[in-house]
Amino acid sequence: MNLIMWAEFKQFISRGNVFDLAVAVIIGSAFGQIVESLVHDMMMPAIGIFFGGINFEGLHLRIGAEVIELGKFLGSLVDFLLISMCVFLMIKVVNRLKGGDQPYKVKQTTNLEVLQEIRDILKDDQRSAKIEKPSMARELLTKSGMKIQMRRTDRKSK
């Protein structure tokens, strides 16, 4: 039992996705520390100086015995905005390198085109019915990507 589980674990861990995920977690952790340092050590003091020497880290609101840490919340909010902006920009760069800025082309099909495709399939089906042995059912894929399942017993013969 243990050997089978070990073999399954080895197969699971040797997949590329697991290594990619591990690298992403490690890099994400390091990136988070860099952004946190950027926000707390550089940006928040600069914003404090801009607003007249306010220390945002110590900014809090006291209601009775409770303390609401507004400065920590503002720091976390700036962290989030910076990280999300960086992730957005990285995705834009990767998509541009992959050619992902190309708009997707979706073929619009009209009812007439779909009916013409069905007509053509039925014509081909009638021709093949004369040549080959009739089968009970078959699936067809139209030009527009629609699946049609046809059963010979469902149609009336002329």
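From a predicted model like this one, the values you see are computed outputs, not experimental measurements. Starting from 1, each residue takes its place in the sequence as its number. The figures here come from the full heavy-atom set of this structure, side chains too, leaving out hydrogens, waters and symmetry mates.
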Provide the closest heavy-atom pair for G64 versus R62 in the form atom of the first, atom of the second, distance.
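Scanning both residues completely, I find the closest heavy atoms to be O-CG, 3.6 Å.
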
Under the side chain to side chain contact (heavy atoms under 4.5 Å, CB included) test, which residues partner L112, sequence neighbours left out?
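Side chain to side chain contact (heavy atoms under 4.5 Å, CB included) list for L112, sorted by chain: T110, Q116.
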
Going by side chain to side chain contact (heavy atoms under 4.5 Å, CB included), name the residues that satisfy it together with F80, two or more places apart in sequence or in a different chain.
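F80: side chain to side chain contact (heavy atoms under 4.5 Å, CB included) contacts with S84.
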
Identify whether [X] and [Y] are in the same connected component of the hydrophobic contact network (ILVMFWY, side-chain heavy atoms under 4.5 Å).
X	Y	answer
F73	V39	no
F50	L59	yes
L74	M42	yes
I91	L81	no
L122	L115	no

Going from NZ on K123 to CD1 on I121, what distance comes out if it is rounded to the nearest 0.5 angstrom?
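So the gap between those two atoms works out to 12.5 Å.
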
Excluding F88, membership of its hydrophobic cluster (Ile, Leu, Val, Met, Phe, Trp, Tyr; side-chain heavy atoms within less than 4.5 Å) reads M85, L89

Given 3.5 Å as the limit, does a donor-acceptor pair link the side chain of S37 with the main chain of Q33, or not?
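Such a contact is absent between S37 side chain and Q33 backbone.
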
